[in-house]
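Have a look at the structure below, then the notes.
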Amino acid sequence: MRSSQPPTNRADRQSPDLIVVGSGLVGLACAYEAALAGALVRVIDRPGAVGAASPVAAGMLAPAGEAWWGEEELLRFGLRAARDYEAFCDRLSADAESEVPYRRCGAIRVALDGDEAAELERLRRYHEQLGAPAPRLVGSECRQLEPGLATIATAGLLFEDEAEIDPRALASCLRTAGQRLGVVFESAAVSGLIVERDRVGGVLADPGPVRSGAVLLATGAWGAAGWSGSSLALPVRPVKGEVLRLAVPAGAEPPCRRIVVTERIYLVARHSGEVVIGATSGERGFETTVSAGAVRELLREAYRTIPEIGELDFIEAAAGLRPCTPDNLPMLGRAGPEGLLVALGHYRNGVLLAPLSGRCLAALLVGRSPPAEITAFDPARFATMVR
Ligand code: GLY
(Lines give C-alpha, C1' and ligand atoms only; values in the text may rest on other atoms or scores of the structure.)
Protein backbone atom coordinates (compact mmCIF):
# COMPACT_ATOMS: atom_id res chain seq x y z
CA MET A 1 0.00 0.00 0.00
CA ARG A 2 1.41 3.36 -0.96
CA SER A 3 1.79 6.00 1.71
CA SER A 4 -0.61 8.90 1.35
CA GLN A 5 2.27 11.26 2.22
CA PRO A 6 4.02 13.02 -0.66
CA PRO A 7 7.33 11.30 -1.38
CA THR A 8 9.66 13.87 0.10
CA ASN A 9 12.75 12.82 2.02
CA ARG A 10 10.87 12.42 5.29
CA ALA A 11 13.35 9.75 6.46
CA ASP A 12 16.06 12.42 6.35
CA ARG A 13 14.35 14.51 8.98
CA GLN A 14 12.99 11.87 11.34
CA SER A 15 13.92 8.39 12.50
CA PRO A 16 13.15 5.99 9.68
CA ASP A 17 10.71 3.10 10.17
CA LEU A 18 13.34 0.85 8.65
CA ILE A 19 17.10 0.99 8.14
CA VAL A 20 18.34 -1.26 5.35
CA VAL A 21 22.05 -2.00 5.68
CA GLY A 22 23.43 -2.79 2.23
CA SER A 23 22.59 -1.41 -1.19
CA GLY A 24 23.09 -4.42 -3.44
CA LEU A 25 20.09 -5.63 -5.39
CA VAL A 26 18.61 -7.43 -2.38
CA GLY A 27 18.90 -4.36 -0.14
CA LEU A 28 17.54 -2.07 -2.87
CA ALA A 29 14.58 -4.37 -3.56
CA CYS A 30 13.77 -4.62 0.16
CA ALA A 31 13.94 -0.82 0.49
CA TYR A 32 11.74 -0.27 -2.58
CA GLU A 33 9.11 -2.78 -1.44
CA ALA A 34 9.10 -1.46 2.13
CA ALA A 35 8.64 2.09 0.80
CA LEU A 36 5.76 0.88 -1.40
CA ALA A 37 4.22 -0.59 1.77
CA GLY A 38 4.31 2.90 3.28
CA ALA A 39 7.48 2.74 5.41
CA LEU A 40 10.03 5.54 5.80
CA VAL A 41 13.24 3.84 4.72
CA ARG A 42 16.88 4.76 4.98
CA VAL A 43 19.49 2.67 3.13
CA ILE A 44 23.01 2.78 4.53
CA ASP A 45 25.97 1.24 2.76
CA ARG A 46 29.71 1.44 3.10
CA PRO A 47 31.44 3.73 0.60
CA GLY A 48 33.11 2.03 -2.34
CA ALA A 49 31.53 -1.43 -2.07
CA VAL A 50 34.55 -3.27 -3.53
CA GLY A 51 33.70 -6.92 -4.18
CA ALA A 52 29.91 -6.48 -4.18
CA ALA A 53 28.20 -9.24 -6.16
CA SER A 54 25.34 -7.26 -7.77
CA PRO A 55 27.28 -5.06 -10.25
CA VAL A 56 29.36 -8.03 -11.41
CA ALA A 57 26.48 -10.52 -11.84
CA ALA A 58 25.48 -11.61 -15.34
CA GLY A 59 21.76 -11.26 -14.57
CA MET A 60 20.61 -14.76 -15.51
CA LEU A 61 17.08 -15.39 -14.28
CA ALA A 62 17.49 -19.13 -14.52
CA PRO A 63 15.90 -21.08 -11.67
CA ALA A 64 15.56 -24.30 -13.67
CA GLY A 65 18.92 -24.16 -15.41
CA GLU A 66 20.69 -23.45 -12.12
CA ALA A 67 18.68 -26.08 -10.16
CA TRP A 68 20.85 -28.46 -8.20
CA TRP A 69 20.27 -31.78 -6.47
CA GLY A 70 18.87 -31.38 -2.96
CA GLU A 71 17.85 -27.73 -3.43
CA GLU A 72 14.17 -28.25 -4.22
CA GLU A 73 13.00 -25.52 -1.81
CA LEU A 74 15.25 -23.06 -3.60
CA LEU A 75 13.92 -24.18 -6.99
CA ARG A 76 10.33 -23.70 -5.82
CA PHE A 77 11.09 -20.17 -4.56
CA GLY A 78 13.15 -19.40 -7.69
CA LEU A 79 10.37 -20.53 -10.05
CA ARG A 80 7.92 -18.28 -8.20
CA ALA A 81 10.42 -15.39 -8.39
CA ALA A 82 10.85 -15.97 -12.13
CA ARG A 83 7.10 -16.12 -12.71
CA ASP A 84 6.60 -12.77 -10.97
CA TYR A 85 9.59 -11.04 -12.58
CA GLU A 86 7.99 -9.49 -15.63
CA ALA A 87 5.14 -7.95 -13.62
CA PHE A 88 7.70 -6.65 -11.12
CA CYS A 89 9.67 -5.02 -13.97
CA ASP A 90 6.52 -3.40 -15.36
CA ARG A 91 5.72 -1.91 -11.95
CA LEU A 92 9.32 -0.81 -11.37
CA SER A 93 9.58 0.75 -14.85
CA ALA A 94 6.50 2.85 -14.07
CA ASP A 95 7.80 3.87 -10.63
CA ALA A 96 11.29 4.70 -11.94
CA GLU A 97 9.97 6.21 -15.20
CA SER A 98 12.66 4.21 -16.94
CA GLU A 99 12.41 0.92 -18.85
CA VAL A 100 13.84 -2.03 -16.90
CA PRO A 101 15.70 -4.11 -19.52
CA TYR A 102 14.13 -7.55 -18.87
CA ARG A 103 14.17 -10.12 -21.67
CA ARG A 104 12.59 -13.58 -21.63
CA CYS A 105 15.14 -15.07 -24.00
CA GLY A 106 15.26 -18.73 -22.90
CA ALA A 107 18.39 -20.72 -22.10
CA ILE A 108 20.13 -23.66 -23.67
CA ARG A 109 22.54 -25.91 -21.78
CA VAL A 110 24.93 -27.74 -24.08
CA ALA A 111 27.33 -30.66 -23.74
CA LEU A 112 30.72 -30.34 -25.44
CA ASP A 113 31.89 -33.96 -25.03
CA GLY A 114 30.62 -37.43 -24.11
CA ASP A 115 31.06 -36.99 -20.34
CA GLU A 116 29.13 -33.73 -20.42
CA ALA A 117 26.39 -35.39 -22.50
CA ALA A 118 26.03 -38.09 -19.82
CA GLU A 119 25.83 -35.39 -17.12
CA LEU A 120 23.24 -33.52 -19.19
CA GLU A 121 21.11 -36.67 -19.33
CA ARG A 122 21.33 -37.04 -15.53
CA LEU A 123 20.18 -33.41 -15.24
CA ARG A 124 17.34 -33.98 -17.69
CA ARG A 125 16.07 -36.90 -15.60
CA TYR A 126 16.31 -34.78 -12.44
CA HIS A 127 14.21 -32.03 -14.04
CA GLU A 128 11.69 -34.61 -15.16
CA GLN A 129 11.42 -35.90 -11.56
CA LEU A 130 10.85 -32.34 -10.36
CA GLY A 131 7.96 -31.95 -12.78
CA ALA A 132 9.80 -29.28 -14.80
CA PRO A 133 10.93 -31.26 -17.87
CA ALA A 134 13.43 -29.63 -20.23
CA PRO A 135 13.38 -30.98 -23.81
CA ARG A 136 16.58 -32.72 -24.89
CA LEU A 137 18.11 -31.59 -28.19
CA VAL A 138 20.65 -33.18 -30.50
CA GLY A 139 23.54 -31.08 -31.81
CA SER A 140 21.83 -30.01 -35.04
CA GLU A 141 18.73 -28.89 -33.10
CA CYS A 142 20.98 -26.85 -30.78
CA ARG A 143 22.55 -25.13 -33.81
CA GLN A 144 19.16 -24.51 -35.39
CA LEU A 145 18.29 -22.49 -32.29
CA GLU A 146 21.76 -20.98 -31.86
CA PRO A 147 23.66 -21.05 -35.17
CA GLY A 148 26.83 -19.72 -33.52
CA LEU A 149 27.33 -22.91 -31.46
CA ALA A 150 30.43 -24.94 -32.32
CA THR A 151 29.96 -28.40 -33.82
CA ILE A 152 31.40 -29.97 -30.63
CA ALA A 153 28.05 -29.12 -28.99
CA THR A 154 26.42 -32.49 -29.53
CA ALA A 155 23.49 -32.36 -27.10
CA GLY A 156 21.47 -29.76 -25.24
CA LEU A 157 18.60 -29.04 -22.87
CA LEU A 158 16.22 -26.20 -23.59
CA PHE A 159 14.80 -23.99 -20.81
CA GLU A 160 12.33 -21.83 -22.68
CA ASP A 161 11.10 -19.68 -19.79
CA GLU A 162 14.42 -18.38 -18.55
CA ALA A 163 15.26 -14.71 -18.86
CA GLU A 164 18.00 -12.13 -18.43
CA ILE A 165 18.23 -8.64 -17.02
CA ASP A 166 21.07 -6.12 -16.76
CA PRO A 167 21.76 -5.98 -12.99
CA ARG A 168 23.36 -2.53 -13.21
CA ALA A 169 20.32 -1.06 -14.95
CA LEU A 170 18.04 -2.86 -12.48
CA ALA A 171 19.95 -1.36 -9.53
CA SER A 172 19.70 2.10 -11.04
CA CYS A 173 15.91 1.75 -11.51
CA LEU A 174 15.44 0.45 -7.96
CA ARG A 175 17.40 3.38 -6.59
CA THR A 176 15.44 5.93 -8.65
CA ALA A 177 12.08 4.39 -7.79
CA GLY A 178 13.11 4.21 -4.13
CA GLN A 179 14.10 7.87 -4.10
CA ARG A 180 10.75 8.81 -5.66
CA LEU A 181 9.05 6.96 -2.81
CA GLY A 182 11.10 8.86 -0.23
CA VAL A 183 13.91 6.36 0.44
CA VAL A 184 17.05 8.11 1.67
CA PHE A 185 20.44 6.72 0.66
CA GLU A 186 23.43 7.29 2.87
CA SER A 187 27.04 6.27 2.36
CA ALA A 188 28.51 5.30 5.74
CA ALA A 189 30.29 2.38 7.40
CA VAL A 190 28.03 0.48 9.82
CA SER A 191 29.97 -1.02 12.71
CA GLY A 192 27.20 -2.58 14.78
CA LEU A 193 23.59 -2.79 15.90
CA ILE A 194 22.05 -0.81 18.72
CA VAL A 195 20.19 -3.34 20.90
CA GLU A 196 18.25 -2.30 24.00
CA ARG A 197 16.37 -4.83 26.15
CA ASP A 198 16.49 -7.37 23.34
CA ARG A 199 15.00 -4.91 20.82
CA VAL A 200 16.76 -3.28 17.93
CA GLY A 201 17.17 0.47 18.35
CA GLY A 202 19.13 1.29 15.19
CA VAL A 203 22.69 0.99 13.93
CA LEU A 204 26.10 2.34 14.90
CA ALA A 205 27.37 4.16 11.86
CA ASP A 206 30.23 6.51 11.12
CA PRO A 207 29.84 9.45 11.90
CA GLY A 208 27.06 8.63 14.39
CA PRO A 209 24.22 6.30 15.40
CA VAL A 210 21.02 6.15 13.36
CA ARG A 211 17.95 5.15 15.35
CA SER A 212 15.09 3.00 14.13
CA GLY A 213 12.91 0.25 15.56
CA ALA A 214 13.58 -1.99 12.55
CA VAL A 215 16.83 -2.89 10.82
CA LEU A 216 17.18 -5.14 7.80
CA LEU A 217 20.56 -6.66 7.02
CA ALA A 218 21.24 -7.10 3.32
CA THR A 219 24.98 -7.01 3.62
CA GLY A 220 25.79 -9.71 1.05
CA ALA A 221 28.95 -11.71 1.61
CA TRP A 222 29.80 -9.55 4.63
CA GLY A 223 26.86 -10.72 6.80
CA ALA A 224 27.44 -9.05 10.15
CA ALA A 225 31.18 -9.77 10.01
CA GLY A 226 33.43 -7.51 12.02
CA TRP A 227 30.62 -5.75 13.88
CA SER A 228 31.38 -4.69 17.40
CA GLY A 229 29.60 -6.86 19.95
CA SER A 230 27.73 -8.83 17.28
CA SER A 231 26.72 -12.26 18.53
CA LEU A 232 24.45 -13.01 15.59
CA ALA A 233 24.82 -16.42 14.00
CA LEU A 234 24.63 -15.37 10.35
CA PRO A 235 27.13 -17.70 8.71
CA VAL A 236 27.70 -16.18 5.29
CA ARG A 237 30.97 -16.70 3.47
CA PRO A 238 32.24 -15.12 0.24
CA VAL A 239 32.54 -17.24 -2.91
CA LYS A 240 34.39 -15.31 -5.58
CA GLY A 241 33.12 -15.25 -9.13
CA GLU A 242 35.18 -13.74 -11.95
CA VAL A 243 33.24 -12.46 -14.96
CA LEU A 244 34.17 -10.95 -18.33
CA ARG A 245 32.25 -8.33 -20.28
CA LEU A 246 32.65 -8.08 -24.05
CA ALA A 247 30.86 -5.95 -26.62
CA VAL A 248 29.47 -6.78 -30.04
CA PRO A 249 31.09 -4.35 -32.55
CA ALA A 250 28.70 -1.81 -34.10
CA GLY A 251 26.61 -3.33 -36.90
CA ALA A 252 27.45 -6.96 -35.98
CA GLU A 253 24.96 -9.57 -34.73
CA PRO A 254 25.13 -10.89 -31.13
CA PRO A 255 26.81 -14.33 -30.90
CA CYS A 256 23.68 -15.92 -29.35
CA ARG A 257 20.11 -14.99 -28.51
CA ARG A 258 19.51 -17.30 -25.59
CA ILE A 259 21.57 -17.74 -22.45
CA VAL A 260 24.10 -20.45 -23.35
CA VAL A 261 25.36 -22.63 -20.50
CA THR A 262 28.07 -25.28 -20.51
CA GLU A 263 29.51 -27.28 -17.63
CA ARG A 264 32.15 -24.59 -17.05
CA ILE A 265 30.74 -21.25 -18.24
CA TYR A 266 27.65 -19.32 -19.24
CA LEU A 267 27.16 -16.61 -21.86
CA VAL A 268 24.54 -13.87 -21.74
CA ALA A 269 24.20 -11.63 -24.81
CA ARG A 270 22.04 -8.55 -24.25
CA HIS A 271 20.20 -6.37 -26.74
CA SER A 272 22.50 -3.53 -25.72
CA GLY A 273 25.42 -5.39 -27.34
CA GLU A 274 26.96 -6.42 -24.02
CA VAL A 275 28.05 -10.06 -23.75
CA VAL A 276 28.80 -11.43 -20.27
CA ILE A 277 30.89 -14.56 -19.78
CA GLY A 278 30.83 -16.10 -16.32
CA ALA A 279 31.89 -17.37 -13.99
CA THR A 280 34.61 -18.86 -11.89
CA SER A 281 33.93 -20.06 -8.37
CA GLY A 282 36.59 -19.96 -5.66
CA GLU A 283 36.95 -19.42 -1.92
CA ARG A 284 39.80 -17.18 -0.87
CA GLY A 285 38.09 -14.98 1.68
CA PHE A 286 37.40 -11.38 0.69
CA GLU A 287 40.12 -11.28 -1.97
CA THR A 288 38.77 -9.80 -5.25
CA THR A 289 41.60 -9.83 -7.78
CA VAL A 290 40.92 -11.22 -11.25
CA SER A 291 43.52 -13.83 -12.12
CA ALA A 292 45.06 -14.15 -15.57
CA GLY A 293 44.20 -17.86 -15.43
CA ALA A 294 40.51 -17.07 -14.89
CA VAL A 295 40.43 -14.70 -17.89
CA ARG A 296 42.14 -17.32 -20.03
CA GLU A 297 39.81 -20.14 -18.94
CA LEU A 298 36.62 -18.12 -19.41
CA LEU A 299 37.69 -16.90 -22.86
CA ARG A 300 38.97 -20.32 -23.93
CA GLU A 301 35.75 -22.08 -22.93
CA ALA A 302 33.54 -19.36 -24.43
CA TYR A 303 35.51 -19.55 -27.68
CA ARG A 304 35.23 -23.35 -27.72
CA THR A 305 31.44 -23.03 -27.30
CA ILE A 306 30.82 -20.13 -29.73
CA PRO A 307 33.91 -19.37 -31.88
CA GLU A 308 32.53 -15.95 -32.88
CA ILE A 309 33.41 -14.76 -29.36
CA GLY A 310 36.88 -14.07 -30.77
CA GLU A 311 35.43 -11.20 -32.87
CA LEU A 312 34.06 -9.26 -29.90
CA ASP A 313 35.68 -6.31 -28.12
CA PHE A 314 37.04 -6.87 -24.64
CA ILE A 315 35.51 -4.42 -22.11
CA GLU A 316 36.01 -5.57 -18.54
CA ALA A 317 37.11 -8.33 -16.18
CA ALA A 318 35.69 -8.13 -12.66
CA ALA A 319 35.21 -10.23 -9.55
CA GLY A 320 32.24 -10.27 -7.18
CA LEU A 321 31.73 -12.09 -3.89
CA ARG A 322 28.65 -14.33 -3.83
CA PRO A 323 27.17 -14.59 -0.33
CA CYS A 324 26.96 -18.31 0.49
CA THR A 325 25.44 -20.07 3.53
CA PRO A 326 26.34 -23.57 4.80
CA ASP A 327 23.30 -25.11 3.02
CA ASN A 328 23.39 -22.82 -0.06
CA LEU A 329 19.92 -21.45 0.82
CA PRO A 330 19.22 -17.81 1.60
CA MET A 331 18.36 -16.50 5.07
CA LEU A 332 15.08 -14.60 4.92
CA GLY A 333 13.10 -13.46 7.93
CA ARG A 334 13.48 -12.36 11.53
CA ALA A 335 16.67 -13.01 13.46
CA GLY A 336 18.12 -12.18 16.86
CA PRO A 337 16.63 -9.21 18.74
CA GLU A 338 13.10 -8.02 18.01
CA GLY A 339 12.98 -5.67 15.04
CA LEU A 340 15.89 -7.29 13.19
CA LEU A 341 15.24 -8.68 9.70
CA VAL A 342 17.67 -10.51 7.50
CA ALA A 343 17.89 -10.95 3.71
CA LEU A 344 21.23 -12.66 3.21
CA GLY A 345 22.93 -15.58 1.49
CA HIS A 346 21.40 -15.42 -1.99
CA TYR A 347 24.58 -17.04 -3.33
CA ARG A 348 24.15 -17.73 -7.10
CA ASN A 349 20.61 -16.36 -7.28
CA GLY A 350 20.67 -12.79 -5.99
CA VAL A 351 19.37 -11.10 -9.15
CA LEU A 352 16.58 -13.64 -9.54
CA LEU A 353 15.49 -13.69 -5.91
CA ALA A 354 15.91 -10.00 -4.97
CA PRO A 355 12.39 -8.83 -5.95
CA LEU A 356 10.53 -11.71 -4.28
CA SER A 357 12.79 -11.52 -1.20
CA GLY A 358 12.02 -7.79 -1.04
CA ARG A 359 8.29 -8.44 -1.13
CA CYS A 360 8.54 -11.13 1.55
CA LEU A 361 10.60 -8.95 3.88
CA ALA A 362 8.39 -5.89 3.35
CA ALA A 363 5.36 -8.04 4.24
CA LEU A 364 7.03 -9.19 7.48
CA LEU A 365 7.91 -5.57 8.30
CA VAL A 366 4.29 -4.43 8.13
CA GLY A 367 2.90 -7.55 9.83
CA ARG A 368 1.53 -9.33 6.77
CA SER A 369 2.14 -12.90 5.59
CA PRO A 370 4.90 -13.13 3.00
CA PRO A 371 3.63 -13.77 -0.54
CA ALA A 372 5.71 -16.97 -0.81
CA GLU A 373 6.67 -19.74 1.59
CA ILE A 374 9.99 -18.90 3.28
CA THR A 375 10.04 -21.29 6.26
CA ALA A 376 12.98 -23.24 4.76
CA PHE A 377 14.98 -20.00 4.70
CA ASP A 378 14.44 -19.10 8.38
CA PRO A 379 17.75 -17.59 9.64
CA ALA A 380 17.15 -19.36 12.99
CA ARG A 381 18.21 -22.66 11.41
CA PHE A 382 21.80 -21.59 12.08
CA ALA A 383 21.15 -20.21 15.58
CA THR A 384 22.98 -23.04 17.30
CA MET A 385 26.12 -22.71 15.19
CA VAL A 386 29.30 -21.81 17.09
CA ARG A 387 29.82 -18.06 16.83
N1 GLY B 1 24.22 -17.19 -11.15
C2 GLY B 1 25.47 -17.29 -11.76
C3 GLY B 1 26.62 -17.21 -10.87
O4 GLY B 1 26.51 -17.06 -9.68
O5 GLY B 1 27.71 -17.32 -11.39
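First listed ligand is number 1; within each ligand, the first listed atom is number 1. Keep in mind that the numbers below use all heavy atoms, side chains included, and drop hydrogens, waters and symmetry copies. In this chain, residues are counted from 1 in sequence order. Keep in mind the model is a prediction, meaning the values are calculated, not measured.
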Could you tell me the residue and atom name of the protein heavy atom closest to atom 4 (O) of ligand 1, and the distance to it rounded to 0.1 Å?
R322 NE, 2.7 Å
So, is E66 polar-close to ligand 1, with some N/O to N/O distance under 3.5 Å?
yes
Residue pair E128, R125: steps toward the salt bridge (charged side-chain N to carboxylate O under 4.0 Å, His left out) verdict:
CA-CA 5 Å; E128 206 168 57; R125 285 202 295 264; over 6 Å; no
Which ligand 1 atoms, with their elements, are less than 4.0 angstrom from a heavy-atom of A279?
5 (O)
Cation-pi geometry met for R348 and W68 (6.0 Å, 45°)
no
Taking atom CZ as the centre, does R284 end up with more than 12 heavy-atom neighbours from other residues, nucleotides or ligands that are less than 6.0 angstrom away?
no
Using a distance-only test with no angle check, is there a side-chain donor-acceptor pair under 3.5 angstrom linking N328 and E71?
yes
Considering only protein heavy atoms, which is closest to atom 3 (C) of ligand 1, and at what distance to one decimal place?
Y266 OH, 3.2 Å
